[in-house]
Each structure stands twice: as C-alpha cells, then as structure tokens.
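Here's the structure, in structure tokens; my notes come after.
Every chain is numbered from 1 and lettered A, B, ... according to where its sequence line falls, protein lines coming before strand lines. Note: hydrogens, waters and symmetry copies are ignored here, and every other heavy atom, side chains too, is used.
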Amino acid sequence: MTSTRPRPTDNGPRRPRDTTRRGTRTVRVWTSAALAAAAALAALLVPLLAPLDQQAVDLTAKLLAPSADHPFGTDELGRDILLRSVHGLRVSLLVGITAALVASVLGLLIGAAAGALGGRTDRLVMRAVDTFTAVPHLLMGIFIVAMFRPGIWPVIASVGLTHWVSTARIVRAEVLSLRSRPYIDAAVSGGASRLRVARRHLVPAVLPQAGLAAVLMVPHAIWHESALSFLGLGIPAHQASLGTMINGARGSLLTGEWWPTLFPGLFIVVPTLAIAGLAGAWRERINPRRRSELVL
Amino acid sequence: MTTTTAPAPLLSVRGLAVRFLMPGGADIAAVNDVSFDLSAGECLALVGESGCGKSVLAGALLGLLPGNARTRGSALLSSEPGVVPIDLPAADERTLARTVRGRLLGLVPQSPAGHLTPVRTVRSQLRETIRALHGTRGRDLAAATEAAAERAAFPADHLDRYPHQLSGGLAQRAATALALVGDAPLLIADEPTTGLDRDLVARTVGELRRHTDEGRALLVITHDLAAAERIADRVAVMYAGRIVELTDAAPFFGTPGPRHPYAAGLLRALPERDFTPIPGQPPGLDALPAGCAFAPRCPRATAVCAEPPDLIDGTACHHVPEPADV
Amino acid sequence: MSEPAPALELTGITAGYERRPPVVRDISLRVAAGEALGLLGPSGCGKSTLARVAALLHRPRAGTVHLAGRRATGFRHRAPRAQRTRVGVVFQQPRQAADPRLTLHDLIAEPLRATGDTTALPARVAALADATGLGTELLYRRPHQVSDGQLQRACLARALVLRPALLICDEMTAMLDASTTAALVAVVEDYRRDTGAALLTVGHDRALLHRWCDRLQEFPRERPLTPAP
C-alpha cells in the first residue's frame, strides 16, 4: 500500500547537498560583504577623523612592535602603521575602482563595436587584443607610468589601458552570439540603426557580464597599483600607499621586524579577497546554467 | 478496439499536481489534480496549447522539474507484476537514475539533433548506452549495437556517422534507438512532430505506433492534433493545468466528436475544419479562476460554472451534451 | 493604370552562411501585389534563409530581390530604412524573436521608436494589442511571463506596427496550437483586407497553407545533408 497523503517533494536527493552548498555560499557572501563594507567604511571615514600628518616622523618611535598605542606597530620613520595602512587602502581602492571602471568601459565599447560591426573593425580590434595579451600587463603598465610623473592618475591610466582586453573579449563573444538571434533580425527589420541595435539590445544584454568583469577587476587593479608602487613607479613614496609601505619595509623585514610588511600586506589581501568573493556570488546569480526560471 | 480484459495499468497517475513557487512569492499551479492510467500496448496523447501544463506534467514523470517545483499526488510506475511500483514524483534521484530512466521509462526527445552528442558517432553513443544499461561487452556489444539500431529502423550503414551528417528523420530514429536500448516498457515522446514536415511526421508517427504495437506504453505530448489523431488510442485534453477531457481517440476525432467545449473548439480551429479560433485566451496559471477555467471563453457557460467541474465520465464540464449513443 | 509591380520578386537566389555550402540554390519566386503566397517545404530545406533574404536580412550570394518593383541594393543595415520597414517579419520561435528584457508593450513599440514615429505610439500599440487579441493586461509583462502563443501575438503586432506592404511569416504557427494558429491567421488576414498588403508565408503544413494562401509553391525537394539548426 502506498500512502495517498499528498506530500511535497523537492526533486529528490539533490536537496541536502544543495542546501549545504547554499549554506556555505551564504556564509561566504556575508563574510565578504562585511569585510568589503568595513574596508570601504574605514577608507572613507578614518582619514576624515584622523587625518594623516605626512610629516609625523618620530625617529624616537621607529620600528616599535605592535602595542596598545600602535596596534600594528610603527614603521622605520616612527609612523603609525594602522593609520597609514587605512590611508593607503583609500588610495588603493580609489585607484582600483577608477582603473577598473576605465578598463571596463573601454572594454565594453571596444568589444561591443567589434562584435556589432564585425568585418574589418572586428579584425582590427582582435589584433589589438592579441598585441595587448602578448605583452605582460605589468611590463606595459610600467611603460605607461614611466611616460608621466609619478602620481595617482598615471597609475589609473596604466592599469585601465592595459586591462580592457579581457572585458572586450567577453563582450565581443557575447555580442557575436546575440547578433544571430532572430530578435536582432526583428529589430533590423523594424528600422533600428546599428547604434540603436547596440544600445537597445546588445549592450543591455552584456552589461551583467561586463559589470561582473569590472568588479573582478578591482582586486586585480589594486594588486597592480601596489606592484607599481612597490617598484617605486606608482604612487610617490611620500604618499601613503600599501605598495610604497611594503617597499619601505623591505629593510626592516631582513632585520626581523615583520609588522611593517605584514599589516599593509593584509590590507591588500583581505579587501581584495572580499571583493572577489562578492563578484563570485554575482557570477553565480547571472550564471545562465542556473535552472530556476520556469518555462511555461 | 476496446480492451477486453483490463490488466493493471503500467502507469497510474492519481491527483498529480505541480506548483512552482516563484521568487516574487507568486505561486503557479501548472498541473492540477491530474489522474489517468496507461497500459502496455496503449498510446495516450496529451494535447493542449503551449503553457497548459503538459510539459510540466512530463517533467514531473521524468523527475526533471526545477528546484522550485512542489508536487503532490502520485504517479505509480509498475515495473512488473508483484513488484512494488515506483512513485515517480516522490522517487529520489538515485532511484530515477539507476532503475527508472532508460530502464523503465524512455524519453523520445523533442529535438533529436540536440539530444545526440555532436562529436560522437551514433554507434559510439549506442554502445555506451547499451554498456551502461546492460553491461554488455566485447563482441556481444557490437551485435547488440546493431540490433538496437535495427529496432528503431536506423540503417546500419549510417551507424558511423555523426549527428550533423544525419537528416532530421534519421536523427529522430537515432534518438529513438537510444530511448529503446533499455527495453523500457513506458515511452514518453515530447512534441515528437514539432517542426517536422508531413513526410517526417508520418514516418515518426508510424515508428512510434510500431513500438506501441510491440507492447510498450506510449505517452505522446503534443499540440499537433493531426499527429495525435494518427497515433493515439486515447486522448487527454489539457487546459489550464487540468485534464478536461479523457476519452478514446476514435470517437473524439470522428463522431460524435469531443464533448468538452474547449476540445470541440480546438478541433474546429483546425485548417481542415472550420479554421475558427476559440475566442479569448487561456487564463494565466498564476491567476486561475475558482470555477471552471474555460468558462470565460465558453459558449455554454452559465452560473454553475463558478464551481469547478469534476472529471466525470471523461469530461470535466457542467454542460456535457447527452451522448447520442453509448 | 498599369498592373502594379509585384510586392516581392526573388530571382535566382543562392544563399548560405559563412563558408559552408549554400542552403538555398537558385530559387525564384514572385508575390503579386496583394497576393498571399504559401511556400511549402520540408524541414531544414532553407525556407527560413530564403525568408530572411526576402526581408533584406541576409545578403544572398547570387540573385536579386525586388520589392514593389525596386531592386534591393543592400541588406541588413546597408538597406535603406524605408525599404527595410516595408517588410514585416514574424519568426517561428517567439522566444528567440523577442528581446527578453523588453515588456510586450516596448516590444511592439520598438519599431515606432526606432523610426522616430512616436506621435501616435500609445494609440497604435493599443490598437494592435486589441487586434491581435493580446489585450492590454499582458502588455506590461516580459516574455518569460507569457505563453508562446501570447508572445507570438506580440511578435505579430510588432511586425505590423509600421504597416508593412509585405508581411513574411516564417513558420509563424509551427509551435502553436490549432486555436492560436487560427487566431493569428485571422489577424493577418484582417490586416491584409484593411491595407491590401501582400503575404509570403513559409511553412510545412500543407493543410494550413492551402486554407490560408491564394497560391502555393513547393520548395524544390533537395534534402541537404545537414539539418537546419
């Protein structure tokens, strides 16, 4: 005898695994969100409450180990590492977000143009993409910053101008696959110009992908900024930047003072991982393979 | 053409309902209180327009519903007499994968070209399926592969072709051959004739009919009434998630014709007949009326239609005309 | 007055995709002004490609297209907008033919906006929603919230919104049930009665095309090795 009592079923045994996976995913997303929010708040508010006195050099307090007064210790010039790291984070986030925006908008425009126009434009763009891919980003970045005086804007330009390639690739592929859809045919038949087809049908369709690429690029851009600053080519040494701080701490690391390297390093790693975690969650949301949409 | 003795049905669906809980909190009742039996050697055509819930019903039987679906009721598939039947909507994925799909229930897909792996030959796909379902190996496997192709009338000299080298008809036979490998007593064909031209429809229908005549049970899901007429022993007409008429195919398509006004309207809309549409449109499955869902479009509707009609004598209508004959 | 030029004349059309062999070989056909021509063909025979050529959406490798006596010089964006919009097209699969982000209202209104003709937009969309049996209630839903039949009604409304002189229906009703099929055909015939537009309908259902069209033409029976995607 089988029970005739109606019972809800939930598609078999996929449920437990899905639930646990969803559980860890939720924890990961919220941790990432909390860390990213904390980093953003600190970078926004702390410099307002505790302005960094660039000249606050106190050679009597140099290289103090972490203590109640200086939770992250002091550097080789006696400056508080916690405060400088927060200020450095502000610079890094500013550079990272702006550079990622520049790169993504460039990538979106170039990729959409290549995919939508096709033919000669497409071939030209793809050769440019190959060229940029062939040269390591950092090398190209160094080349670009070297043309300017050190500062924030050359770093943004250097990262932005070298990182549009991946977005352009993603957008072009997406546009190419959309272009053969009958709804694009219908738009053309309805009198839409090339620009209108791109603006109305193609770009909105690729925006989630491009946006995801942009967010994923923020951590990457931060790492590049730090690398350039570490090499002494990015943010000038007198400005607090995580890269310059780690660069300045090289000497003390050899003599056993680990804190001037570790804490700025954590300020690079933790917020970038948090942003990457959020981007990962976003990717799962827009994943086309997700079968949640009911087709009637 | 009626069965003399009624053996226990192979598939017995009772009170099956599927709802979807949508992100916005909406609740879509895609299938409501569906009951029918299907015996070996019999073909039931489930007809209705797109969005009436027939594909969801198939999904519930195959265990292929998305995660936000909730099913109620039962669909008992009896593998052989004496063995406890499997309740398909309640079965877990393991049971479905190991004992049901391919072995008890074969799916003839809607688009055979998309159902075959494009980078492998038909032979290699058949071999793999036979090995997975029967564990056949070596020389026996080669023979079994040819035999499997033969059963679906797939020409042996085309076995080494890739799916893209096959015509639509041959691709359909290849997919059918795959569905038949496990000797499943129940076949479900999902819109097998959509987009096919007349010759291919005739051939596909003929082949599916042959498998029924060999003793399999066949559930055909289609919106193509002409195909249903050619293949089915019985017809179930679905409207807004419910079966509104369940009857023998011959009187349904011939005389006296359908008894439910929706079914009658569908047949009248055929180009071979009046070619006149049923006025209005079906209700959304998220906002079904409390009473008869067809009442707003129905010429026979009266006040009693505010009550939902039960499926009595194969028709769910308050205004069934008295049958002229038995 | 002399005999009006045929609404559509295809001469010796050969067409294909990229470097693959052509899917349409040397096809000619003629749709007289106001006529309804049914083009019958088996699945995968290249009917859809021919329909796209006739709608100026695909450049043929050889052959000419004349619309109302004027030879088409370019295809897709190279065709003058006025020429493109003389032809309305309805495709087989409404889900593929509707931008998933637009509401049905915007879907129907899009050609009006694209051509800058927005003066009578609300009235025109409302009239077409009514004529196609869509009603105003569904207009603010998106494609995934309506059925295939409802979406195809909206796609037909979009094809008619610019009042084309020629309507091309590529297997418009292949996915639809009998009642919706009859309803959509009635919409097309009402439109043609009002405007005198010509019709090229491409399909495999002989009974339907026989009932619908003035004249039937068979697509040459030449089964390609590769079924259409």
Side-chain angles (χ1 to χ4, degrees), chain A residues 108 112-123 125-126 171-212 282 285-296, chain C residues 17-18 48 51-52 54-58 75-102 106-117 143-151 154-155 158-162 164 168 170 229:
Chain A
L108 182 64
L117 297 177
R120 212 172 302 158
T121 318
D122 187 31
R123 282 196 293 275
V125 168
M126 289 325 283
V171 168
R172 172 182 174 269
E174 195 80 14
V175 165
L176 277 183
S177 84
L178 290 171
R179 213 168 58 143
S180 57
R181 294 280 179 87
Y183 73 77
I184 303 297
D185 271 0
V188 175
S189 173
S193 63
R194 278 199 180 92
L195 188 65
R196 189 171 177 90
V197 169
R199 207 183 61 214
R200 189 95 170 124
H201 301 289
L202 298 178
V203 170
V206 300
L207 266 184
Q209 292 284 345
L212 173 64
W282 183 1
R285 265 196 78 88
I286 64 173
N287 186 349
R289 277 177 305 167
R290 225 174 49 128
R291 278 193 64 197
S292 69
E293 202 121 283
L294 161 74
V295 178
L296 284 177
Chain C
Y17 297 92
E18 278 135 41
S48 299
R52 293 183 72 228
L56 307 183
L57 290 170
H58 185 78
F75 290 83
R76 289 192 84 81
H77 288 291
R78 294 222 170 82
R81 176 187 277 170
Q83 212 171 24
R84 266 188 274 154
T85 54
R86 282 184 62 84
V87 188
V89 202
V90 190
F91 299 93
Q92 174 173 0
Q93 298 194 341
R95 304 238 161 251
Q96 299 276 311
D99 188 330
R101 276 163 301 275
L102 300 187
D106 289 348
L107 183 87
I108 300 170
E110 182 59 22
L112 290 174
R113 292 187 175 133
T115 52
D117 177 20
H144 68 96
Q145 295 164 316
V146 300
S147 73
D148 280 359
Q150 289 161 340
L151 193 54
C155 289
R158 169 181 62 186
L160 299 179
V161 76
L162 295 179
I168 298 182
D170 177 13

Problem - Portion of C/L102 that has a non-hydrogen atom of chain A nearer than 4.5 angstrom - result: side chain
Practice task
For chain A, find which of C/L57, C/V161, C/V87 contributes the most heavy-atom pairs closer than 4.5 angstrom.
Solution key: C/L57
Practice task
May I ask you to name which of C/R86, C/Q83, C/R113 has the most heavy-atom pairs under 4.5 Å with chain A?
Solution key: C/R113
Problem - Expected output: side-chain C/R84 to main-chain A/A192 donor-acceptor under 3.5 Å - result: yes
Practice task
Could you pull out all residues at least two apart from A/R194 that satisfy side-chain hydrogen bond (donor to acceptor under 3.5 Å, both in side chains)?
Solution key: none
Handout entry: Euclidean distance, A/I184 CD1 relative to C/Q96 CD, rounded to 0.5 Å
Key = 11.5 Å
Problem - A/G190 versus C/A114, closest heavy-atom pair with distance - result: O-CB, 4.1 Å
Problem - Part of C/L56 within contact of chain A (heavy atom distance under 4.5 Å) - result: neither
Practice task
Mind checking the CZ-CG spacing from A/R200 to C/D106? Nearest 0.5 Å is all I need.
Solution key: 5.5 Å
Problem - C/P100 to A/Y183 - nearest heavy-atom pair and separation - result: CD-CE2, 3.8 Å
Fill in the blank from the handout: Rounded to the nearest 0.5 angstrom, the CZ-NE2 distance for C/R101 and A/H201 is 9.0 Å
Completion exercise
Honestly, the part of C/R158 sitting under 4.5 Å from a heavy atom of chain A is side chain
Practice task
Would you indicate whether the side-chain heavy atoms of A/R181 and C/D99 approach each other to under 4.5 Å?
Solution key: no
Exercise for the section: May I ask you to test the A/S189-C/T85 pair for a side-chain heavy-atom distance under 4.5 Å? Expected result: no
Handout entry: Any donor-acceptor pair under 3.5 Å from C/R81 side chain to A/G191 backbone
Key = yes
Problem - Segment of C/A98 engaging chain A (4.5 angstrom heavy-atom cut-off) - result: backbone
Practice task
Would you give the length of the straight line joining atom NE2 of C/H58 to atom OG of A/S180, rounded to the nearest 0.5 angstrom?
Solution key: 12.0 Å
Handout entry: Least distance between heavy atoms, A/A186 atom then C/A97 atom
Key = CB-O, 4.4 Å
Practice task
Applying side-chain hydrogen bond (donor to acceptor under 3.5 Å, both in side chains), name anything that partners C/R76, two or more places apart in sequence or on another chain.
Solution key: A/D185
